[in-house]
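Data block below; observations after.
In the text below, chain A, chain B and the rest are named by the order of the sequence lines, each starting its count at 1. Quick caveat: nothing in here was measured; it's all calculated off a predicted structure.
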There are 2 protein chains.
Amino acid sequence: MSKILVTGGTGFIGSHTVVELHNAGYTPVLIDNLSNSNIKILDQIEKIIGVKPEFHQFDLCDTAKVNEFVASNPDIKGIIHFAASKAVGESVQDPLKYYHNNFYSLINLLQAYRQKPINFVFSSSCTVYGEPDVLPVNEAAPVKRATSPYGNTKQIAEEILQESASAYDNYQVIALRYFNPVGAHETALIGELPIGVPQNLLPFITQTAIGKREKLTVFGDDYETPDGSAVRDYIHVVDLAKAHVAAIKLLEKGNPNGNYDVFNVGTGNGYSVLEAIGAFEKASGQKLNYVIGPRREGDIIKVWGDVTKSTNELGWKAELGIEEMMASAWAWEKYLSENPIS
Amino acid sequence: MSKILVTGGTGFIGSHTVVELHNAGYTPVLIDNLSNSNIKILDQIEKIIGVKPEFHQFDLCDTAKVNEFVASNPDIKGIIHFAASKAVGESVQDPLKYYHNNFYSLINLLQAYRQKPINFVFSSSCTVYGEPDVLPVNEAAPVKRATSPYGNTKQIAEEILQESASAYDNYQVIALRYFNPVGAHETALIGELPIGVPQNLLPFITQTAIGKREKLTVFGDDYETPDGSAVRDYIHVVDLAKAHVAAIKLLEKGNPNGNYDVFNVGTGNGYSVLEAIGAFEKASGQKLNYVIGPRREGDIIKVWGDVTKSTNELGWKAELGIEEMMASAWAWEKYLSENPIS
């Protein structure tokens, strides 16, 4: 029962990964400062896996606390590092928060493990591709200058990890470039828990359907896409969680590609915003109140991933489709309306 | 007598800037952790300006210490931020040292001043241009992907500063992109004080001439340049120091270009390594023992700056030429051989 540290373990992707690590025979150990997640998620995880995971509440930007944790937990074999600020718009308004949180947490962790062999899986993002020149975009595509401080922290984190894996011999790193994580656990006991107005499409859809929001605005229907709305590669959060387990397993047996590697984590299929709304209406049986608004500055027009490398070299492939994504997200929203977590 | 904080104030460029700030009527306040400089430089500065500058020894990566300093020094009107790790080669060997030191010091300072109006002058570098497509290179040239962690920290620091100046209203920022700083103060009381084997050409030249090093290796004489050796824009450190005073003055009166601006700081003239050696031999009367070696991976072939914007908008122009650079560097090396500082 190898111990895997999951930073940001009570967050959206973190909590689902904790469940999948447990299911795969690992012992997840969670760190979270609860700045953007809720302590009650630990109880929800317990309802799914039958045990309450080990949890430590502190801020990874606190160098002394990180060093203390690492010194007193010598049996951690791997790290899945989710903890980060993640709202693109907020990052433009408050860039120092993003550079501080996202850099200090990563660098503190790496420095604390400087003298120990460690497997490290990093939450990266398809934002590193910007607006890709070729679709589907594969891992060899050029990384483009980020258009937000958030995106910049992901790009630079990849560089820090790549350069560290090359300079030192103790780090084995995989960066997973997520496309658009959506959906919820099949039990509807955990899911996305946005604080305030949701920044992402799916929670906005489900909150509108349940009546928490009056209407959804679709930002732009005059893009050069089949129906004019922006196109994304939505990935079910449970599939995404399993990709992290696959990454840990690959690092444990030794990645033939070397000490640093990146993988796309998507389904390989693009759906437009309007298609996603249609899929939600079909899966939920709800008619969604939405309006078309102007384009939103900085939005990527279309992006979906080439998952050939993930399939062949990570040994992972998405199993759940758009129907399961929408149905599970809706089940979670309904669960939340009856069992509020706040 | 406005107080200006000079981080890295006992370093090469820092110490010369302390002198020029004093000469211009400012009161410099120094912070340095002495990791790459010597406390005795304070005495040397005192010999030049007649007073020992206020000095605080601590590491700017220590968030609590930075906050304490800022809280107890409310009369600081501007910051010139030199403190950083700066050796390209070392940064490839030990990237985490660079990301840690250079990011934490900058972000700690910015966060500590988050609620106060502050003028901020940043030490950037012509490394952000990489191998320029057009020479002389001006400030509008594209920033290229850095080839070392050191260069990356300079690029990203510029981005952090630009985004912060845009997001918040309390920062007035100028980034100075230095070309190749050389030379020493005309009194020969301060100058470059490399620890260990010099990473830069000039101290290697002067240490070879004085007999500390057996010979100098010129890395490559088969580049596409007039004499085959690499070409640089050498800038006298006293001129460079004065550019920082000019930047502080421009920020004090309000920069019409806005809250964030960048300026090249060079002479606008390129000299090859072999020309620099010739100029040294002429200025010093010493014959230099040098050999031609192979190209060094990652070296830029040729770069010199367009200084039109600095001349017109910063109101600063280099006054000292290659002769003064070489003569002053040699005088400093001779002073050091009779008055070792270690």
Side-chain angles (χ1 to χ4, degrees), chain A residues 59 61-67 88-115 120 128 142-171 173 260, chain B residues 59 61-67 88-115 120 128 142-171 173 260:
Chain A
D59 192 327
C61 296
D62 185 328
T63 310
K65 290 227 173 91
V66 173
N67 290 340
V88 173
E90 184 193 44
S91 80
V92 175
Q93 302 298 314
D94 195 2
L96 282 177
K97 173 178 172 180
Y98 280 70
Y99 288 113
H100 177 262
N101 288 355
N102 296 4
F103 285 169
Y104 284 38
S105 57
L106 173 67
I107 295 170
N108 279 349
L109 273 174
L110 289 175
Q111 287 199 311
Y113 279 95
R114 186 54 206 88
Q115 304 299 335
F120 198 100
V128 302
V143 165
K144 295 195 177 168
R145 198 180 175 320
T147 55
S148 73
Y150 162 76
N152 215 14
T153 64
K154 291 296 175 189
Q155 281 188 10
I156 297 158
E158 283 196 5
E159 292 166 5
I160 292 172
L161 286 163
Q162 183 168 21
E163 289 164 358
S164 296
S166 163
Y168 317 108
D169 58 9
N170 60 305
Y171 304 115
V173 181
Y260 179 79
Chain B
D59 192 327
C61 296
D62 185 329
T63 310
K65 289 227 172 93
V66 172
N67 290 339
V88 172
E90 185 193 45
S91 80
V92 174
Q93 301 300 314
D94 194 3
L96 283 176
K97 173 178 173 179
Y98 280 70
Y99 289 113
H100 177 262
N101 289 354
N102 295 4
F103 285 168
Y104 285 37
S105 58
L106 174 67
I107 295 170
N108 279 348
L109 272 174
L110 289 175
Q111 288 199 309
Y113 280 95
R114 187 52 208 87
Q115 304 299 336
F120 198 101
V128 302
V143 165
K144 296 195 176 168
R145 197 179 176 320
T147 54
S148 74
Y150 161 76
N152 215 14
T153 65
K154 291 296 174 189
Q155 282 189 10
I156 297 159
E158 283 197 5
E159 292 166 5
I160 292 172
L161 286 163
Q162 182 167 23
E163 289 164 358
S164 296
S166 164
Y168 317 108
D169 58 8
N170 60 306
Y171 304 115
V173 181
Y260 179 79

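The residue among B:Thr63, B:Asn108, B:Val92 with the most heavy atom pairs within less than 4.5 Å of chain A is B:Asn108. Heavy-atom pairs under 4.5 Å with chain A were tallied for B:Glu159, B:Arg145, B:Lys97; the largest tally goes to B:Glu159. Options A:Ala146, A:Cys61, A:Ser91, A:Ser164 differ in how many heavy-atom pairs under 4.5 Å they form with chain B, and the most are formed by A:Ser164.
Here the closest heavy-atom approach between residue B:Pro149 and residue A:Glu163 is recorded as CG-OE1, 3.3 Å.
Using a 4.5 Å cut-off on side-chain heavy atoms (C-beta onward), A:Tyr168 and B:Pro95 make contact.
When heavy atoms are compared at a cutoff of 4.5 Å, A:Asp94 approaches chain B by way of both its backbone and its side chain.
Around the NZ atom of B:Lys65, the shell of radius 6.0 Å holds no more than 12 heavy atoms that belong to other residues, nucleotides or ligands.
The OH atom of B:Tyr99 sits 5.5 Å away from the CD1 atom of A:Ile160 when rounded to the nearest 0.5 Å. Note that CG of A:Leu96 and CZ of B:Arg114 are 7.0 Å apart. Values are rounded to the nearest 0.5 Å.
With hydrogens and angles ignored, the 3.5 Å screen pairs no side-chain donor or acceptor of B:Tyr104 with any backbone N or O of A:His100.
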